[in-house]
Amino acid sequence: MIDPVLLRENPDVIRASQVARGSDPSFVDVALDADAARRAALAQFEELRAEQNVFSKKVGQAQGDEKKALLAEVAQLAAKVKEANAAANAADEAYTEAARKIQNPIIDGIPAGGEDNFVTLREVGTIPTFDFEPKDHLELGESLGAIDMARGTKVSGARFYFLRGIGARLELALMNLALDRALEAGFIPLITPTLVRPDIMQGTGFLGEHSDEIYYLPADDLYLTGTSEVALAGYHSDEIIDLAEGPLRYAGWSTCYRREAGSSGKDTRGIIRVHQFNKLEMFVYTLPEEAEAEHDRLVAWQEGMLQSLGLSYRVIDVAAGDLGSSAARKFDIEAWVPTQGAFRELTSTSNCTTYQSRRLETRYRTESGKTAPVATLNGTLATTRWLVAILETHQQADGSVIVPEALRPYLGGLSVITPVGV
RNA sequence: GGAGACGUCGCAUAGUUCGGCCUAGUGCACCACCCUGCUAAGGUGGAGUCCUCGUAAGGGGACCGCGGGUUCAAAUCCCGCCGUCUCCGCCA
């Protein structure tokens, strides 16, 4: 939800943001009109209600004929109040609807344009080269006994898989490494619910543009979350939180469920794009003026992970048109996937400024004692997809894979994964 | 799934019988000041959230789990929903 004060006082900023995103700037004017109408309707209702309150008090004290007279007088007023109340409610809803169509104003200076207009901030690591024909992650995963796609499909359908043996262990090792890093940085670990109620799904903004992507259980009126961000954002909804001791940083682990409805035919091979995977997500509640610095810290923690795993990657500043509606800026980190000859997204971190917290009503107390919306940020610290880059990057000619040193302590010191007997 | 009880301004509670005396009382915690010399107690005052009008001082309105209804008037009566607790049933 956008800041209504910004809308009223500085609509041009929002218009410019809408244009940069490739969205419709006319929503701004619709919302402005709706805001004015809403306030007028509210004022009218409140005036009538005040009048009615005065009368009601008198009626309560009056007796006999005087009471009768007052009741006659006030009867019409009651009808008017009811009408004005309905009008004010309708106007308020109209405003909310209009305001929700406006996306979070982008942070000044981020690239304009769509998916292909990102700016590469830096490339880190050397792109691996092989003096043999590298295998892709699925071929490796199958020969290592780590990924079983066929049985995943048998049991659950396309885009489902089993991680088995070293594959299962590797994923747990990765998650544990990420969790330890998060703990070092002061994050509070959370294992989150993956089924949430409609109001939380709505509040986090996922029911809008992502609604096709979401699994829904009609018998229970619950949604399966595609990321623990949903539960983490809902965690402090409707609360006034204390930021005096610094930001609240949570590391949420959960399984994530995605329908991948719009991506048929894309990434059908292997575990790059699947209906179910695991993720450790960072989520931060902080002061609005701290948000950009925190955003940089989140990227730094992500880069720390990728570097420890010996992956080659680039950090991109995602263009305005490719942002979700809640994000004011987004950095993706993409790792080199050798058999694709391309960088593929492994992490994503968004600065949602106060947009998300306004919807969910998460506030803090300013020094003057007033409440104000907090800023929220989120970012990936590890997901199942990372196994793709790890396996492919560290493969050797004989089909074995070298375990990155950072993961070895979590695998009982194992340094090389070798193919299982075929 | 069945039966019952309950949901009040940070926490704990009063108020719901019989609608208006509730501008929602009290205790704890909190803030300021006073008193007092001592790991404390006491006194006085203040303080909720949200919207809105106003340069301001200061007004007005909404909020007693959520949403409707009855009424001149709802914390209080009626309906629906959500949640919590207890007992029973079922159960990976």
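To find a chain, count down the sequence lines: A is the first, B the second, and so on, and within it residues start at 1.
- A/Arg297 and A/Glu290 are joined by a salt bridge, as a carboxylate oxygen and a charged side-chain nitrogen come within less than 4.0 angstrom of each other.
- Residue pairs meeting the side-chain hydrogen bond (donor to acceptor under 3.5 Å, both in side chains) criterion with at least one member in residues 185-207 of chain A: none, sequence neighbours excluded.
- The partner of B/U36 cannot be assigned: no Watson-Crick or G-U wobble pair with both contacts below 3.5 Å exists in any strand.
- For the side chain to side chain contact (heavy atoms under 4.5 Å, CB included) with A/Ile107, the lone residue among A/His295, A/Lys330, A/Arg329 that qualifies is A/Arg329.
- Salt-bridge annotation for A/Asp267 and A/Arg344: present, with a side-chain N of the basic residue lying under 4.0 Å from a carboxylate O of the acidic one.
- B/G15 sits 16 Å from B/C6 when the C1' atoms are compared, rounded to a whole Å.
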Every protein N/O within reach of nucleotides 8-11 of chain B N/O, cut-off under 3.5 Å:
none

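- With both pairing distances under 3.5 Å, B/C91 is matched to nothing as a Watson-Crick or G-U wobble pair.
- Summarising the geometry, the separation between CD on A/Glu361 and P on B/C50 is reported as 8 Å, rounded to the nearest angstrom.
- Between A/Arg363 atom CZ and B/C51 atom C1' there is a gap of 13 Å when expressed in whole angstrom units.
- Nucleotide B/G48 is matched to B/C63 when pairs are restricted to Watson-Crick or G-U wobble geometry with both distances under 3.5 angstrom.
- Taking the ring centroids of A/Tyr235 and A/Tyr250, they lie under the 6.0 Å cut-off.
- Per the geometry, CG belonging to A/Leu48 stands 17 Å off P belonging to B/C72, to the nearest Å.
- Looking only at side-chain heavy atoms (C-beta outward), A/Glu97 and A/Arg100 stay at 4.5 Å or farther from each other.
- Listed nucleotides: B/U52, B/U49, B/C72. Nearest to the side chain of A/Ala78: B/C72.
- The separation between A/Lys80 atom NZ and B/C72 atom P is 16 Å, rounded to whole Å.
- Checked for salt-bridge contact, A/Asp92 and A/Arg38 meet the test: a charged N lies under 4.0 Å from a carboxylate O.
- Nucleotides B/A73 and B/C34 are separated by 44 Å at their C1' atoms, to the nearest Å.
- The side chain of A/Thr371 sits closest to B/C50 out of B/C82, B/C50, B/C51.
- B/C51 atom P lies 10 Å from atom NZ of A/Lys370, rounded to whole Å.
- Comparing the same atom, P, in B/G67 and in B/A75 gives a spacing of 14 Å after rounding to whole Å.
- Using a cutoff of 4.0 Å between basic side-chain nitrogens and carboxylate oxygens, A/Arg258 and A/Glu260 are not scored as salt-bridged.
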Set out, line by line, the N/O atom pairs under 3.5 Å between protein and nucleotides 62-68 of chain B.
| from | atom 1 | to | atom 2 | distance (Å) |
| --- | --- | --- | --- | --- |
| B/A62 | OP1 | A/Arg49 | NE | 3.1 |

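- Between A/Asn85 atom CG and B/U71 atom C1' the separation is 15 Å, expressed in whole Å.
- Look at B/A57: it lacks any Watson-Crick or wobble partner with both distances under 3.5 angstrom.
- Spacing between B/A14 and B/C9 at atom P, rounded to whole Å, works out to 13 Å.
- Salt bridge status for A/Arg365 with A/Asp242: absent, with no side-chain N to carboxylate O gap under 4.0 Å.
- Residues A/Trp301 and A/Phe187 bring their aromatic ring centres within 6.0 Å.
- We find that A/Arg249 and A/Glu294 are joined by a salt bridge, their nearest charged nitrogen and carboxylate oxygen being less than 4.0 Å apart.
- Position along RNA chain B of the nearest nucleotide to A/Ser56 versus A/Ala43 favours A/Ser56 as the more 5'-ward residue.
- When Watson-Crick and G-U wobble pairs are counted only if both distances are under 3.5 Å, B/C77 pairs with B/G69.
- Nucleotide B/G4: paired with B/C85 (Watson-Crick or G-U wobble, both distances less than 3.5 Å).
- The side chain of A/Arg39 contributes no N or O atom lying less than 4.0 Å from OP1 or OP2 of B/C51.
- Taking side-chain N and O atoms only, A/Arg358 has no distance below 4.0 Å to OP1 or OP2 of B/C50.
- Taking the six-membered ring wherever Trp is involved, the centroid distance between the rings of A/Tyr285 and A/Phe283 falls below 6.0 Å.
- Figure legend. B/U16 is base-paired to no nucleotide; pairs are counted as Watson-Crick or G-U wobble with both atom distances under 3.5 Å.
- Nucleotide B/A47 holds its C1' atom 13 Å from the CD1 atom of A/Ile240, rounded to whole Å.
- Whole-Å rounding puts the A/Glu51 CD to B/G60 P distance at 14 Å.
- For A/Lys57, the side-chain atoms get nearest to B/U23 when compared with the rest of B/C72, B/U23, B/U52.
- Comparing B/C78 with B/U71, their C1' atoms are spaced 12 Å from each other, to the whole Å.
- Rounded to whole Å, the C1' atom of B/G42 lies 8 Å from the corresponding atom of B/C35.
- Taking atom C1' in both B/U86 and B/U49, one finds a spacing of 33 Å when rounded to whole Å.
- Base pairing of B/C28: its partner is B/G10, meeting the Watson-Crick or G-U wobble criterion (both donor-acceptor distances under 3.5 Å).
- Atom P of B/U76 sits at a distance of 14 Å from the matching atom of B/G68, rounded to the whole Å.
- For the OP1/OP2 pair of B/C30 and a distance below 4.0 Å, the side-chain nitrogens and oxygens of A/Arg365 include no atom meeting the criterion.
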